[in-house]
2 protein chains.
Amino acid sequence: MADVAKLAGVSSQTVSRVANGQPGVVESTREHVLAAMRELGYRPNSAARSLRYGRFNTLGVILFSLASTGNSRTVEAIAVHAATEGYAITLIPVGAPTQDNVLGAFTRMGELAVDGIVVILEVQLLDSSTVHLPPGVHVVVVDSDAGDRYPVVDTDQADGARQAVQHLLDLGHRTVWHVSGPAESFSAERRARAWRTALEQAGRDVPAIERGDWSADSGYHAGLRLADRPECTAIFVANDQMALGVLRALQERGRRVPQDVSVVGFDDIADAASYLPPLTTVHQDFAGIGKRCVESLLRQIHDEPAGPGTDLVPTMLVVRDSTAPPAS
Amino acid sequence: MADVAKLAGVSSQTVSRVANGQPGVVESTREHVLAAMRELGYRPNSAARSLRYGRFNTLGVILFSLASTGNSRTVEAIAVHAATEGYAITLIPVGAPTQDNVLGAFTRMGELAVDGIVVILEVQLLDSSTVHLPPGVHVVVVDSDAGDRYPVVDTDQADGARQAVQHLLDLGHRTVWHVSGPAESFSAERRARAWRTALEQAGRDVPAIERGDWSADSGYHAGLRLADRPECTAIFVANDQMALGVLRALQERGRRVPQDVSVVGFDDIADAASYLPPLTTVHQDFAGIGKRCVESLLRQIHDEPAGPGTDLVPTMLVVRDSTAPPAS
DNA sequence: CCTGAAATTGTTAACGTAAACATCGGATCT
DNA sequence: AGATCCGATGTTTACGTTAACAATTTCAGG
């Protein structure tokens with residue numbers, strides 16, 4: 001900057017004014033400065049800027065993995081929305097979901113150049129009182145029931161699961177079986193609980209849960225077990241990938257979908273419409289989640305304190321070809 | 001920091017030494033300082049650190065979208081590998097692949113707090129000479145043929161496509177049809193070119209290309225067109241998602257896979273093993289790509305200049321159940 | 001041609017940190 | 001005991017930027 005000032009024959013303050021487009025610089029001067037900038041390839045140093053302003057214009061995202069469609073789409077939505085507000089986003093991956101790792105990530109985050117943090121851990125670790133976020137850092141948590149301690153943005157999982165079950169019951173199925181996600185997952189538990197509640201409220205039997213780990217392969221094995229039960233005519237699977245595995249298992253065992261068995265998934269990932277058959281599933285608004293996370297953080301950064309509480313993003317059942325009335 | 005120093009009754013320099021674990025601080029002093037840090041909730045200011053050191057310990061990733069499995073897995077690998085080296089990563093999404101947007105993103109990147117940039121655009125825009133990266137910034141480009149101007153890390157797409165075609169020819173198919181990605185995509189073009197070359201070298205007919213846009217839906221429509229050609233018994237699809245659509249189209253038209261038609265995909269995404277039938281596909285080492293990107297950037301940052309040139313990551317054909325010899 | 005106000009440009013200081021150098025006190029050696 | 005050295009700690013300064021204020025120039029109006 002000093003070099004630019006010298007070359008343009010002005011003070012560094014004037015260079016700063018030109019760099020920030022501030023008024024009060026005469027046109028000819030501005031052009032000299034711009035020319036000098038170009039000639040020297042000047043780029044403002046954002047560290048110095050951040051130091052001066054006390055803000056980084058950056059949001060942090062702390063997560064386990066981008067492997068799941070939901071996470072990566074949420075992160076993308078966060079990035080896009082943050083960009084429109086002039087914020088960049090920084091990714092902090094946590095190796096394995098152990099307490100130590102999570103704690104370490106939070107510590108690193110505290111030292112990081114971010115103005116706020118989105119926590120996407122989808123694991124119940126946050127609930128254990130031993131894990132605490134650094135005080136004085138703006139935070140939003142996604143998919144968690146830490147709503148009593150932090151602002152939370154979450155999909156309305158319960159209502160989505162309820163819609164799925166209701167759809168199957170409305171078609172005439174006696175009851176609905178469930179392939180759930182892993183027990184450590186908050187989302188998996190919420191969906192399973194809502195499934196159970198919906199069945200109980202309708203006065204139906206509640207079959208035993210088949211548990212998977214979100215992967216298509218785990219869905220396949222769960223599906224094999226269900227395929228052998230002739231009384232099983234309707235399955236609510238906790239995500240689309242496992243549903244894909246369930247479809248394969250049913251097909252292998254000669255049970256046709258939807259004629260013999262109806263299947264409903266959860267997420268509405270892009271591929272679900274191309275499964276065999278195209279999957280009826282619960283649509284999640286990942287973009288909406290990302291948007292609300294950014295909005296909440298920006299509100300906090302602009303000094304509108306956001307207390308604990310949960311912001312629920314609605315879900316919607318998308319009916320395709322994997323559900324039908326039971327064979328009578 | 002000054003507050004901590006005052007509370008601990010030492011100079012700020014001593015606080016700095018304790019914060020960085022430098023030697024030459026007597027144990028009792030260190031503990032006083034640590035106690036003061038805890039009491040005041042002290043966190044080092046990374047902007048000041050960056051300003052002092054001239055480095056940010058951050059790498060930027062510039063990309064269009066995280067929606068594709070390949071991109072998100074590459075980004076995750078970059079993040080994980082960067083983290084082990086003490087670097088965070090910053091995501092810069094580019095809205096639409098127009099020249100203006102790309103240019104704008106590069107400009108923003110130049111002003112950003114990053115020590116190096118990974119460019120994942122998978123589009124041929126980079127080749128047009130009008131788009132130039134800011135000089136003096138360390139860069140690695142993924143999936144591009146800008147290898148004459150920048151260091152490039154790329155999957156060995158050509159060899160992967162060759163393996164796929166060879167596998168089908170070895171099974172006894174007369175020739176292989178191709179569902180390609182969009183024409184703007186560098187990867188799509190490379191795979192199509194290698195497919196054509198492999199057929200020509202084997203002296204086989206080269207059928208017309210069916211073009212998709214990477215989505216399962218586009219694969220479905222391409223698949224419908226191919227399903228109506230009885231002479232089509234082997235299809236090489238440029239990615240797994242489109243292959244999913246092709247499978248659905250063939251199934252709808254009553255052509256069995258693999259008995260009537262063999263299908264090979266590209267990517268080996270997690271779900272491919274659960275398709276109906278499980279998909280034979282070309283495995284891409286996304287983690288390896290991410291790792292090499294980080295390694296290249298770190299080398300550059302540590303003053304080992306990396307000239308232009310392409311670093312090819314090998315691919316491997318994974319044979320599952322979607323390929324078989326043609327019905328004789 | 002002078003006065004005063006407005007427009008433009010320059011100067012100083014501060015953001016938080018750490019390298020380089022300076023100082024201090026005690027231990028070791030002669 | 002005095003000289004010397006070494007380890008522990010303090011002081012100064014610079015990193016690049018911009019807010020606040022100061023100084024200078026310009027120009028209208030009398």
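Remember, it's a predicted structure, so these values are computed and weren't measured experimentally. So that the names make sense, note that chain A is the first sequence line, chain B the second, and so on, each numbered from 1.
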Checklist entry - A:Arg55 has an atom CZ; how far is it from atom P of C:dC15, in whole Å? => result 17 Å
Item to check | Positions of residues 26-37 of chain A (non-hydrogen atom under 4.0 Å from DNA chain C), listed by number | outcome: A:Val26, A:Thr29
Item to check | A:Ile117 side chain reached by A:His138 side chain, heavy atoms, under 4.5 Å | outcome: no
Next on the checklist: When you compare the side chain of B:Leu66 with that of B:Val75, does any pair of heavy atoms fall below 4.5 Å?
Outcome noted: yes
Checklist entry - So, A:Thr310 side chain and A:Leu312 main chain: donor-acceptor pair closer than 3.5 Å or not? => result no
Next on the checklist: Just the rounded figure in Å: distance from P of D:dT17 to CG of A:Asp3.
Outcome noted: 10 Å
Checklist entry - Does the pair A:Val18 and A:Val4 meet the rule for a side-chain contact (heavy atoms from CB on, under 4.5 Å), with working shown? => result CA-CA 11 Å; A:Val18 171; A:Val4 173; over 6 Å; no
Item to check | salt bridge (charged side-chain N to carboxylate O under 4.0 Å, His left out) between B:Asp285 and B:Lys291, worked out | outcome: CA-CA 10 Å; B:Asp285 181 12; B:Lys291 184 157 175 263; over 6 Å; no
Item to check | From A:Arg190 atom CZ to A:Thr155 atom OG1, the distance as rounded to the nearest 0.5 Å | outcome: 9.5 Å
Checklist entry - Could you state the CD-P distance from A:Gln22 to D:dT17, rounded to the nearest angstrom? => result 14 Å
Item to check | Separation of atom CZ in B:Arg43 from atom C1' in C:dT17, rounded to whole Å | outcome: 17 Å
Checklist outcome for this item: Of C:dA19, C:dT17, C:dT9, the nucleotide closest to the side chain of A:Val25 is C:dT9
Checklist outcome for this item: So, with a heavy-atom separation below 4.0 Å from DNA chain C, the residues of residues 5-21 of chain B are B:Gln13, B:Ser16, B:Asn20
Item to check | Verdict with reasoning, B:Phe64 to B:Ile120, per side-chain contact (heavy atoms from CB on, under 4.5 Å) | outcome: CA-CA 7 Å; B:Phe64 282 133; B:Ile120 312 184; over 6 Å; no
Checklist entry - Is the phosphate of D:dT17, meaning OP1 or OP2, less than 4.0 Å from a side-chain N or O of A:Tyr42? => result yes
Checklist entry - What is the distance, rounded to the nearest whole Å, between atom CG of A:Leu51 and atom P of C:dA13? => result 18 Å
Checklist entry - Under 4.0 Å between a side-chain N or O of A:Arg52 and OP1 or OP2 of D:dG16? => result no
Item to check | Separation of atom CZ in A:Arg49 from atom C1' in C:dA14, rounded to whole Å | outcome: 17 Å
Checklist entry - How many angstroms lie between atom CZ of A:Phe286 and atom CD1 of A:Ile78, to the nearest 0.5 angstrom? => result 12.0 Å
Next on the checklist: Heavy atoms only, 4.0 Å cut-off, all strands: where does B:Met1 land among base, sugar-phosphate and nothing?
Outcome noted: sugar-phosphate
Checklist entry - Side chain of B:Ser50, backbone of B:Ser46: donor and acceptor closer than 3.5 Å? => result yes
Item to check | Rounded interatomic separation in angstrom, taking OH from A:Tyr53 and P from D:dT18 | outcome: 5 Å
